[in-house]
Amino acid sequence: MGSVKVTLPDGTSKDFPQGTTAREVAQSIGPGLAKVALAAKVDGNLVDLNAPIESDSAVQVITPSSPEGLVIYRHSSAHLLAAAVLELFPDAHPGIGPPTDTGFFYDFYREKAFTEADLARIEAKMKELAEADIPFERIYFPKEEGLKLFDQMGEFLKCELIQEKAEPVFSAYRTGKFLDFCRGPHIPSTGRIKAFKLLSVAAAHWKGDENSQPMQRIYGTSFFSKKDLDDYLNQLEEAKKRDHRRLGKELDLFSIQDEAGPGLIFWHPKGGIIRKEIEDWLRAELLAHGYDMVFTPHAMRLHLWEISGHANFYRDNMFGPMDVENDRYQLKPMNCPGHILIYKDRRRSYRELPIRMAELGTVYRYERSGVMHGLLRVRGFTQDDAHIFCMMEQLESEVQDCVEFAQLVLKTFGFDRFEVELSARDPEHAEHYAGTVEEWSQAENALMNTLKRMNIPYKYMPGEAVFYGPKIDVKLVDAIGRPWQLTTVQFDFNLPRRFGLEYTAADGKPHTPVMVHRALLGSVERFFGVLIEHYAGAFPVWLSPVQAVVLPISERHTDYARKVAEELRAAGIRVELDDRNEKLNARIRDAQLQRVPFMLVTGDREAQAGGVAVRRRDTGDAGFRPLGEFKSYLRELIDTRTNKW
RNA sequence: GCCGGCGUAGCUCAGUCGGUAGAGCAACGGUUUCGUAAACCGUAGGUCGGGGGUUCGAUUCCCUUCGCCGGCUCCA
């Protein structure tokens, strides 16, 4: 029996008998480590703690503090879930059950649907199985033999997976009565799973194919400690409180009307004023960034969409065409063809480039009935769209300007974190893409260089590009850490060619310009939805529909209160007078619930001294301020678009 | 589109094992004139999402349709 040399992450190495396990390695480092160990990484491969080490290797013990720890733990949690389901529902057939970013799920095929009550029973059974501390036992099967076994068990879905994915000898894990085709690794035993909760049951399709078997997916989450679990559950509660659909109703910002149709947004006065503020800011910035503002029709001849290709490859996402006289018209799903027509309306010189055409362009896209979601997924929306026509050598600086512009958006609306993704072509399938290999490399390099020059970390996503060009997506991260994809900067090789765009270059000859599609907010609707959730309805002063409310203490203070309101209104401040016959407390409560940033209490003392008693929505009573002073303070908060004050 | 759940007053919800419905808040009328998160009394308000069926009788049971919610899939 030989020995193997085990190198630990700190660089030290030690000899062990061949076939020693990672658990024994952990034990030799310290009993404490062995106790918390979940799995191990041997030469970069994740394995079970009791996997034998057969040759010299680098070994790292995976514990709850390792990045991989939680993923493995949740994968094991998914197995625990399946084990519990099979105990209670022998008619359920397990499909797949992976960990996710926030927990885990397991898909089952079963005739009858699981109910909420079933979830509670399953969770109780999981608890029981966890307390029984059942080991996760790794077993190897030759493919044929394993197939036969799963077939005898009636696990037809597992058989399908084994047929497709299994190595000649594959691994499976046994947890009590539950046997699963699984690569692993898993934690040592169910007793280690301390804090978990089942969250919901929903539908899924077998292998994500909607024509395939409908499955029932049970979602759950697990954490190493009860506290982490509680924190997560609280965060879910917090997210629920911020739900823009609920706040949209409570704050009277927008609605969706049954009578009008799903996915179509009605902006109420209070949402409307916020939209106006956003748009005013954006327009001013667009002009400052050298964009031209254009407006294009909402419906155009279908023929135009045939040229652009949308009538073909985008048809499933378009409203049907309408008959007009002897022609067919199409409600626009995109703004690009309109802008292209403006470009094409006369000859263009290289001296004019880049041309940056911006439009708050309202588009209509057909979304399948089950997918609409408040403001975040709708059928009619307004993109803050722009198309940049330029020469290849101008591309980098244009892209940089777009990314900087996106950063300005983030800053202005109080987001401090973002993530960037660069989607490139799949190098294996050049035939799927418009444009030559050289052009693609040039464009991808331009995007990449820009991000590198700007020192922006990004995720490189090969194969994620759309067929017409590579793109940069910016996801902003909101106040409670959720990412939202809004900004997109897309390169386009396709449309300039399809429409035969040209400019006359210095050599006097026609050349084809390149085109960049770019949206910063994405769509005004979605952006608004994200903003509502980000601020939890408590907008900064410049965006608040009502910036201050004046509250006379009793009827005899109404005249003074009215004067206060008029003076603020004259300074362009959105102020309301609440002189309803309600107690001060009640009116304060209403203003708080409406997230009005400032409440101005006016009684005898204030009238006497010519000022207001300021109450802030966040910190409460802020004491007396002379009216003139408060007015300029408020004006400044608005003019500087201050997010925190 | 698919799977599951749900549609009762403006809002949030209760209720009817088949005999046409209630609460709180909001609205309206009155009393009260109040100092930092809900004063008091009263009034009015519903073809129980729409259509069809079963039934002496349907808000309740069945079918269908529209919409919403949780997901799948897809995207700004």
Side-chain angles (χ1 to χ4, degrees), chain A residues 105 107 109-110 112-116 118 199-219 243 245-246 249-250 252 256-263 314 316-317 333-335 361-363 365-385 466 473 484-488 490 517-530 551-558 579-594 599-606 613-617 619-624:
Chain A
F105 64 79
D107 283 351
Y109 174 73
R110 181 169 175 247
K112 255 183 83 185
F114 291 114
T115 63
E116 289 291 319
D118 291 338
L199 298 171
S200 60
V201 51
H205 294 99
W206 176 233
K207 293 191 287 194
D209 174 0
E210 64 179 81
N211 297 315
S212 180
Q213 197 82 265
M215 304 284 288
Q216 297 186 63
R217 175 168 299 178
I218 298 179
Y219 281 94
D243 191 314
R245 292 167 299 184
R246 168 198 179 125
K249 183 170 273 186
E250 284 174 11
D252 198 13
I256 296 165
Q257 306 281 339
D258 280 13
E259 280 182 290
Y314 206 68
D316 290 349
N317 287 293
M334 303 265 180
N335 299 303
T362 303
V363 297
R365 298 183 184 174
Y366 169 73
E367 297 286 357
R368 303 160 99 201
S369 55
V371 306
M372 260 81 69
H373 184 89
L375 293 171
L376 301 179
R377 187 76 183 272
V378 296
R379 282 183 175 160
F381 58 101
T382 302
Q383 293 180 301
D384 67 318
D385 207 357
V466 273
D473 290 323
W484 302 89
Q485 206 238 287
L486 301 170
T487 301
T488 178
Q490 308 189 353
H517 308 250
R518 159 255 81 144
L520 301 174
L521 311 181
S523 85
V524 183
E525 286 75 7
R526 181 178 285 183
F527 187 72
F528 186 38
V530 173
L551 305 173
I553 287 179
S554 79
E555 227 167 88
R556 74 173 183 281
H557 308 113
T558 308
D579 59 354
R580 286 175 304 158
N581 181 11
E582 292 288 347
K583 291 191 69 171
L584 179 65
N585 277 343
R587 286 174 290 151
I588 284 178
R589 178 169 192 270
D590 288 345
Q592 285 286 154
L593 290 174
Q594 287 297 306
M599 284 146 271
L600 309 175
V601 177
T602 54
D604 290 331
R605 299 200 291 267
E606 289 72 26
V614 177
R615 179 190 165 95
R616 298 167 52 116
R617 73 175 168 210
T619 51
D621 195 346
F624 178 82

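Every heavy atom of this structure was used, including side-chain atoms; hydrogens, water molecules and symmetry mates were not. Throughout, protein chains are lettered first and strands after them, A, B, ... in sequence-line order, and every chain is numbered starting at 1. Note that the coordinates shown come from a computational prediction; the quantities given were computed from them, not determined experimentally.
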Protein and nucleotides 7-10 of chain B: nitrogen or oxygen contacts under 3.5 angstrom:
none

Phosphate-side-chain proximity, [X] and [N], N/O vs OP1/OP2 below 4.0 Å:
| X | N | value |
| --- | --- | --- |
| A:Thr488 | B:A76 | no |
| A:His205 | B:G71 | no |
| A:Arg615 | B:A37 | yes |
| A:Tyr219 | B:C72 | yes |

Roughly how far apart, to the nearest Å, are [N] and [M] at atom [atom1]?
| N | M | atom1 | value |
| --- | --- | --- | --- |
| B:C11 | B:C63 | P | 28 Å |
| B:C6 | B:A14 | P | 12 Å |
| B:A23 | B:G19 | C1' | 23 Å |
| B:G7 | B:C13 | C1' | 13 Å |
| B:C56 | B:C68 | P | 38 Å |
| B:A44 | B:U65 | C1' | 33 Å |
| B:C61 | B:G15 | P | 14 Å |
| B:G67 | B:G50 | P | 15 Å |

For this session: Check side-chain contact (heavy atoms from CB on, under 4.5 Å) between A:Pro262 and all other residues, then give those that pass, not counting sequence neighbours.
Result: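 With sequence neighbours excluded, A:Pro262 shows a side-chain contact (heavy atoms from CB on, under 4.5 Å) to A:Met372, A:Arg379, given in chain and number order.
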Exercise. Does A:Arg245 have any side-chain contact (heavy atoms from CB on, under 4.5 Å) partners at least two apart in sequence or in another chain, and if so, which?
Worked result: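 In terms of side-chain contact (heavy atoms from CB on, under 4.5 Å), with neighbours along the sequence ignored, A:Arg245 is linked to A:Asp243, A:His373.
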Ignoring hydrogens and angles, tell me if any N or O in the side chain of [X] forms a donor-acceptor pair with the backbone of [Y] under 3.5 Å.
| X | Y | result |
| --- | --- | --- |
| A:Arg615 | A:Asp621 | no |
| A:Glu525 | A:Gly374 | no |
| A:Gln490 | A:Arg518 | no |
| A:Thr619 | A:Arg616 | no |
| A:Asp385 | A:Gly361 | no |
| A:Gln592 | A:Arg617 | yes |
| A:Arg587 | A:Pro552 | yes |

Exercise. Between A:Val201 and A:Asp590, who's closer to the 5' end of RNA chain B by nearest nucleotide?
Worked result: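 Closest to the 5' end, via its nearest nucleotide, is A:Asp590.
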Exercise. How do A:Arg617 and A:Leu486 order along RNA chain B: which one's closest nucleotide is nearer the 5' end?
Worked result: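 Taking each residue's closest nucleotide, the earlier one in sequence belongs to A:Arg617.
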For a quick check of understanding: with a heavy-atom distance under 4.0 Å over all strands, which category does [X] fall into, base, sugar-phosphate or nothing?
| X | answer |
| --- | --- |
| A:Asp621 | base |
| A:Gly620 | nothing |
| A:His373 | sugar-phosphate |
| A:Ala613 | base |
| A:Ala586 | sugar-phosphate |
| A:Arg526 | base |
| A:Val378 | base |
| A:Asp604 | base |

Problem set entry | Side-chain donor-acceptor contact under 3.5 Å, A:His557 with A:Asp604 |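 There is such a pair between these side chains.
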Problem set entry | ring pair (Phe, Tyr, Trp, His ring centres under 6.0 Å) partners for A:Phe624, two or more places apart |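 Result, ring pair (Phe, Tyr, Trp, His ring centres under 6.0 Å) vs A:Phe624: none returned.
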For this session: Output all residues satisfying ring pair (Phe, Tyr, Trp, His ring centres under 6.0 Å) with A:Phe381, sequence neighbours left out; order by chain, then residue number.
Result: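 Checked A:Phe381 against ring pair (Phe, Tyr, Trp, His ring centres under 6.0 Å); zero matches.
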For this session: Give the B/S/- string for nucleotides 24-34 of chain B, one per nucleotide from 5' to 3', where a protein heavy atom under 4.0 Å of the base yields B, of only the sugar-phosphate yields S, and otherwise -.
Result: -------BBBB
Kindly point out which of [options] is positioned nearest to the side chain of [X]?
| X | options | value |
| --- | --- | --- |
| A:Ser523 | B:A37, B:A76, B:G70 | B:A76 |
| A:Ile588 | B:G35, B:A39, B:U36 | B:U36 |
| A:Arg245 | B:G1, B:A37, B:C69 | B:C69 |
| A:Phe381 | B:G70, B:A76, B:G1 | B:A76 |
| A:Pro214 | B:C3, B:A39, B:A76 | B:C3 |
| A:Gln490 | B:G35, B:A76, B:G1 | B:A76 |
| A:Lys249 | B:A76, B:C11, B:G35 | B:C11 |

Rounded distance (Å) that lies between atom [atom2] of [N] and atom [atom1] of [X]:
| X | N | atom1 | atom2 | result |
| --- | --- | --- | --- | --- |
| A:Arg589 | B:A39 | CZ | P | 9 Å |
| A:Asp107 | B:U73 | CG | C1' | 13 Å |
| A:Asp118 | B:C3 | CG | P | 19 Å |
| A:His517 | B:C75 | NE2 | P | 16 Å |
| A:Arg377 | B:C69 | CZ | C1' | 16 Å |
| A:Asn317 | B:U73 | CG | P | 16 Å |

Problem set entry | A:Phe528 six-ring centre to A:Arg526 NZ/CZ under 6.0 Å and within 45° of normal |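 The answer is no; the distance or angle limit is not met.
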For this session: Look at the side chain of A:Glu606 against the base of B:G35 and say whether a donor-acceptor pair falls under 3.5 Å; ignore hydrogens and angles.
Result: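 Result: at least one qualifying N/O pair found.
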For this session: Examine the base of B:A76 for any acceptor or donor lying under 3.5 Å from a partner atom in the side chain of A:Glu367, and report the outcome as yes or no.
Result: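 For A:Glu367, whose side chain was compared with the base of B:A76, there is a donor-acceptor pair (under 3.5 Å).
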